[in-house]
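What follows is a set of notes on a single structure, which appears directly below.
In this text the structure is predicted, and so the values were computed from the model without any measurement.
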Amino acid sequence: MHIQIPRIETVRGAAHWALPGPLSGRHLDEANRAQANSGDITEWVYANGGADVEDSWRVITFQGAGQPTTITGMRARVLSRTEALTGTVIVAGLGGSDEIVCVGMNLDDEFPAVDHLVSNIINIAADETVVVGLHATAMLATVTWDLEIDFVTAGKLKTVTVRSKDALLRTTPRAGCDEAGREPPGYSHNFHYDVCLYAHRERLEPWIDQPRE
């Protein structure tokens, strides 16, 4: 193997997560402990069947290992497609992040792949480190997926798979929006989710953007 992936990170300040059901008091305590311990609840959300809403942003660090390497493709291997999650929505205040060059992928496609790499490959010199931002979107269904990365080294085409459970790869549409992600007039999270929470830096707390009638 002449490429290494020393880390894959979620982009801090992701705006939304969703869970399949309403949170109990015990689950809310668990989530707040995860938030307090790491400052990020993505792993806890994934372990409880949750997903990023609409967008999954991942920063992938590639490192050459002794020989020049060319990344020629990235694609999702879809493990499942299910209904949008409507149990609990968690909204986080947006945080700053370093500007990075991103590649995009539509998980609603039959065979999701990064179009950018069809005409623009990524070259990695021996022992060089390259950081790629991956932006994957889902508007039609909740998608659990692995990431497959094709690369060429020493004249041979190889593929490495990043497992869903390792990189927390699950993406769901925003409940109540159309297939293009557009909100209907008067959109309110409260009309489409059982529970709404706001993720502050220290803890999660109930949040109401518009009372139910």
Side-chain angles (χ1 to χ4, degrees), residues 1 3-21 23 27 30-31 33-35 37-63 71-92 97 100 102-117 122 130-151 157-175 179 181 193 199:
M1 180 72 74
I3 188 173
Q4 298 175 353
I5 305 176
R7 62 183 179 273
I8 296 182
E9 303 169 291
T10 58
V11 176
R12 302 291 178 177
H16 292 77
W17 300 272
L19 295 166
L23 286 185
H27 286 137
E30 290 177 356
R33 283 196 297 272
Q35 178 82 352
N37 291 337
S38 68
D40 182 27
I41 61 169
T42 308
E43 185 173 350
W44 181 89
V45 167
Y46 186 92
N48 284 274
D52 302 314
V53 175
E54 288 190 353
D55 306 271
S56 288
W57 290 86
R58 298 295 181 270
V59 176
I60 308 168
T61 300
F62 296 97
Q63 188 169 27
I71 298 174
T72 60
M74 293 187 196
R75 61 186 175 276
R77 182 162 63 89
V78 175
L79 304 178
S80 66
R81 296 186 192 273
T82 56
E83 295 295 321
L85 304 181
T86 60
T88 299
V89 63
I90 301 172
V91 178
S97 61
I100 57 175
C102 291
V103 295
M105 180 163 56
N106 183 359
L107 297 171
D108 296 322
D109 289 344
E110 184 177 3
F111 302 105
V114 173
D115 293 334
H116 171 85
L117 295 180
I122 300 172
V130 173
V131 178
V132 175
L134 173 63
H135 177 213
T137 60
M139 301 293 183
L140 302 180
T142 298
V143 183
T144 301
W145 49 288
D146 290 342
L147 176 64
E148 296 181 336
I149 301 167
D150 298 329
F151 63 97
L157 177 63
K158 300 182 180 182
T159 300
V160 62
T161 300
V162 177
R163 301 296 179 188
S164 176
K165 63 183 180 63
D166 296 326
L168 313 177
L169 301 177
R170 187 183 295 126
T171 315
T172 190
R174 185 153 44 122
E179 294 181 359
Y193 294 93

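Side-chain contact between Trp44 and Leu168 is absent, with no heavy-atom pair separated by less than 4.5 Å. Side chains of Ile122 and Phe62 form no contact here, defined as non-hydrogen atoms less than 4.5 Å apart. Between Val78 and Pro112, some side-chain heavy-atom pair lies under the 4.5 Å cut-off. Between Arg170 and Thr172, every side-chain heavy-atom pair lies at or beyond the 4.5 Å cut-off. The side-chain heavy atoms of Val103 and Val132, taken from C-beta on, include a pair separated by under 4.5 Å. Residues Val143 and Ser80 form no side-chain contact, since every pair of their non-hydrogen atoms from C-beta on lies 4.5 Å or further apart. For the pair Thr159 and Ile149, the minimum side-chain heavy-atom distance is 4.5 Å or more. Considering only heavy atoms from C-beta on, Glu54 comes within 4.5 Å of Met139 through its side chain.
For the pair Asn48 (side chain) and Gly50 (backbone), a donor-acceptor distance under 3.5 Å is absent. Under a 3.5 Å cut-off, the side chain of Arg77 and the backbone N or O of Trp145 do not form any donor-acceptor pair.
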- Item | Audit row: His135, Asp55, side-chain contact (heavy atoms from CB on, under 4.5 Å) steps and yes/no | CA-CA 7 Å; His135 177 213; Asp55 306 271; 2.5 Å; yes

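When all heavy atoms of Ala141 and Asp108 are compared, the closest pair comes out as N-OD1, 4.0 Å. Scanning both residues, Ala18 and Leu85, for their nearest heavy atoms gives O-CD1, 3.6 Å. Scanning all heavy atoms of the two residues, the minimum distance from Leu169 to Tyr46 falls at N-CE1, 3.6 Å.
Counting only N and O atoms by type, the side chains of Thr88 and Trp17 include no donor and acceptor under 3.5 Å apart. Counted by atom type alone, Asp52 and His16 present zero donor-acceptor pairs between their side chains at under 3.5 Å. A donor-acceptor contact under 3.5 angstrom links the side chains of Ser56 and Thr171, judged on distance only.
Arg75 pairs with exactly one of Leu147, Asp146, Asp150, Asp109 by the side chain to side chain contact (heavy atoms under 4.5 Å, CB included) rule, that one being Asp150.
If you take OG1 on Thr137 and CG on Leu140, they are separated by 9.5 Å, rounding to the nearest 0.5 Å.
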